[in-house]
A.B. asks: 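I'd like to ask you about the structure that follows.
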Amino acid sequence: MFLDRDGTLTEPRHYPSHPNELVLQPDIGAPLRALQNAGFALVVITNQSGLARGLFNTDALDVMHDRLRALLGHRGVRLDGIYACPHHPDGIVPGYRSVCRCRKPAPGLLHQAAQDLGLDLSRSWMVGDSACDIGAGHRAGTRTALIGTQPLDDVAPDVQRATTFEALCQVLRAPPQSRAGRSSVSGEPGQLGPRTRN
């Protein structure tokens, strides 16, 4: 189970840079625990172009993700990994100003997490609130769940619900399914960003 951070696990904020700006979406503890108990790995996949834009550094991002783990831990939920893309082609930090293979909708972080954690992408879900999330899931070969009520122009999710709680509950009810063979987008330019510490 791949989960976007801002607007999916947490309430939407514009480039959050402080731990207190991370506030969990309502009522998500119970379905996340149920997914965890059903054997799903829970992995955050997040674009964090604030790093490329110089709005915060990797230490600040680590502190925010410590906060995220703590908030979820209080609800009995343990994350198996957090993978963050620091890049943006218009960034001002030279090391992060690039076109990369990890910024969603590119699927690089999903591929990396699947390799690291031994996950079957064809039996996984990508849950997020944007076209980038759904596009990354499609390109990696996962099923997809969109948060929000607005339709997307270019990509269609397998599930769409108004809230994260409702989407996670729908994923719990979905039958197992294989989509082997849809995976991989290779040869994209740029680099793959590092994950944050587990």
Side-chain angles (χ1 to χ4, degrees), residues 1-10 28 31-32 35-36 38-49 51-52 61 65 68 77-89 96 98-148 151-161 164 167-168 170-198:
M1 170 72 61
F2 300 107
L3 300 147
D4 175 52
R5 193 190 81 178
D6 303 322
T8 300
L9 283 179
T10 64
I28 62 172
L32 286 173
L35 287 161
Q36 183 176 267
F40 281 90
L42 302 178
V43 182
V44 174
I45 303 289
T46 178
N47 289 347
Q48 290 298 321
S49 68
L51 289 164
L61 184 63
H65 286 160
L68 179 62
V77 175
R78 180 183 63 83
L79 293 176
D80 293 275
I82 300 176
Y83 291 73
C85 171
H87 306 113
H88 195 280
Y96 297 144
S98 69
V99 175
C100 64
R101 294 181 291 118
C102 56
R103 180 174 172 79
K104 295 176 292 184
L109 289 184
L110 285 80
H111 288 160
Q112 186 64 56
Q115 179 179 326
D116 290 348
L117 302 172
L119 305 178
D120 182 350
L121 288 167
S122 71
R123 299 176 65 84
S124 299
W125 288 80
M126 177 72 220
V127 181
D129 67 328
S130 73
C132 286
D133 299 313
I134 304 308
H138 281 185
R139 295 167 90 178
T142 74
R143 284 180 282 177
T144 56
L146 176 66
I147 313 303
L152 301 178
D153 292 333
D154 300 325
V155 288
D158 294 280
V159 166
Q160 181 168 5
R161 294 292 183 273
T164 304
L168 294 175
Q170 183 61 39
V171 170
L172 276 165
R173 292 192 289 267
Q177 178 178 338
S178 173
R179 284 188 170 181
R182 288 189 54 198
S183 164
S184 89
V185 172
S186 59
E188 293 197 27
Q191 56 186 325
L192 187 66
R195 65 182 180 185
T196 62
R197 56 194 169 92
N198 286 332

A.B. asks: I need the minimum non-hydrogen distance between Asp80 and Phe40, along with the two atoms involved.
C.D. replies: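 Smallest interatomic distance, heavy atoms only, reads OD2-O, 4.4 Å.
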
A.B. asks: Starting from the C-alpha separation in whole Å, work towards a yes-or-no answer on side-chain contact (heavy atoms from CB on, under 4.5 Å) for Gln48 and Arg5.
C.D. replies: CA-CA 10 Å; Gln48 290 298 321; Arg5 193 190 81 178; 3.3 Å; yes

A.B. asks: Would you please name every residue forming a side-chain contact (heavy atoms from CB on, under 4.5 Å) with Leu172, sequence neighbours left out?
C.D. replies: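 Counting only residues at least two positions away or on another chain, Leu172 forms a side-chain contact (heavy atoms from CB on, under 4.5 Å) with Pro31, Ala34, Leu35.
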
A.B. asks: I need the minimum non-hydrogen distance between Thr46 and Leu109, along with the two atoms involved.
C.D. replies: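 Heavy-atom minimum between the residues: O-CD1, 4.3 Å.
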
A.B. asks: Can you give me the closest heavy-atom contact between Gly7 and Ile147, atom names plus distance?
C.D. replies: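 Where Gly7 meets Ile147 most closely, the heavy atoms are O-CG2, 4.4 Å.
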
A.B. asks: Quick one: side-chain contact (heavy atoms from CB on, under 4.5 Å) partners of Ala174, sequence neighbours excluded?
C.D. replies: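 Expected list: Trp125, Arg143.
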
A.B. asks: Check whether any side-chain N or O of Gln36 sits under 3.5 Å from a backbone N or O of Leu42 as a donor-acceptor pair, and report yes or no.
C.D. replies: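 Not a single qualifying donor-acceptor pair exists.
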
A.B. asks: Measure the spacing between CG of Asp129 and CD1 of Ile134 and express it to the nearest 0.5 Å.
C.D. replies: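 Separation between the atoms: 9.0 Å.
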
A.B. asks: If I take atom OG1 from residue Thr10 and atom CG from residue Leu68, how far apart are they, to the nearest 0.5 angstrom?
C.D. replies: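 Output value for this atom pair is 7.0 Å.
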
A.B. asks: Working to the nearest 0.5 Å, report the span between CG of Leu3 and OG1 of Thr164.
C.D. replies: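 That separation rounds to 9.0 Å.
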
A.B. asks: Under the side-chain contact (heavy atoms from CB on, under 4.5 Å) criterion, do Val43 and Leu119 qualify, and how do the steps go?
C.D. replies: CA-CA 10 Å; Val43 182; Leu119 305 178; 4.2 Å; yes

A.B. asks: Output every pair passing salt bridge (charged side-chain N to carboxylate O under 4.0 Å, His left out) with a member in residues 38-47, not counting sequence neighbours, ordered by first then second residue.
C.D. replies: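 Applying salt bridge (charged side-chain N to carboxylate O under 4.0 Å, His left out) to every pair that reaches into residues 38-47, excluding sequence neighbours, yields nothing.
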
A.B. asks: In Å and rounded to the nearest 0.5 Å, what is the OG to CG distance from Ser130 to Asp6?
C.D. replies: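 The distance works out to 10.5 Å.
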
A.B. asks: How long is the straight-line distance from CD1 of Ile45 back to SG of Cys85, given to the nearest 0.5 Å?
C.D. replies: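 Result: 10.5 Å between the selected atoms.
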
A.B. asks: Can you name the side-chain contact (heavy atoms from CB on, under 4.5 Å) partners of Ser49, sequence neighbours left out?
C.D. replies: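 Checked Ser49 against side-chain contact (heavy atoms from CB on, under 4.5 Å); matches are Tyr15, Arg53, His88, Arg103.
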
A.B. asks: Test side-chain contact (heavy atoms from CB on, under 4.5 Å) on Leu146 and Asp133; report intermediate values, then the result.
C.D. replies: CA-CA 8 Å; Leu146 176 66; Asp133 299 313; over 6 Å; no

A.B. asks: Nearest heavy-atom pair of Leu61 and Ala84: which atoms, and what distance?
C.D. replies: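 Closest approach of Leu61 to Ala84: CD2-CB, 4.0 Å.
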
A.B. asks: For Asp4, which residues count as a side chain to side chain donor-acceptor pair (under 3.5 Å) partner, sequence neighbours excluded?
C.D. replies: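 With sequence neighbours excluded, Asp4 shows a side chain to side chain donor-acceptor pair (under 3.5 Å) to Thr8, Lys104, given in chain and number order.
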
A.B. asks: Just do the side-chain contact (heavy atoms from CB on, under 4.5 Å) check on Leu168 and Arg161 with the steps written out, would you?
C.D. replies: CA-CA 9 Å; Leu168 294 175; Arg161 294 292 183 273; over 6 Å; no

A.B. asks: Ala52 and His87: which non-hydrogen atoms are nearest, and at how many Å?
C.D. replies: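 Taking every non-hydrogen atom into account, CB-C, 4.0 Å.
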
A.B. asks: Looking only at heavy atoms, which two atoms of Val99 and Pro89 are closest? And how far apart?
C.D. replies: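 Minimum heavy-atom separation between Val99 and Pro89: CG2-CB, 4.1 Å.
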
A.B. asks: In Å, rounded to the nearest 0.5 Å, how long is the span from CE of Met126 to OG1 of Thr144?
C.D. replies: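 It comes to 9.5 Å.
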
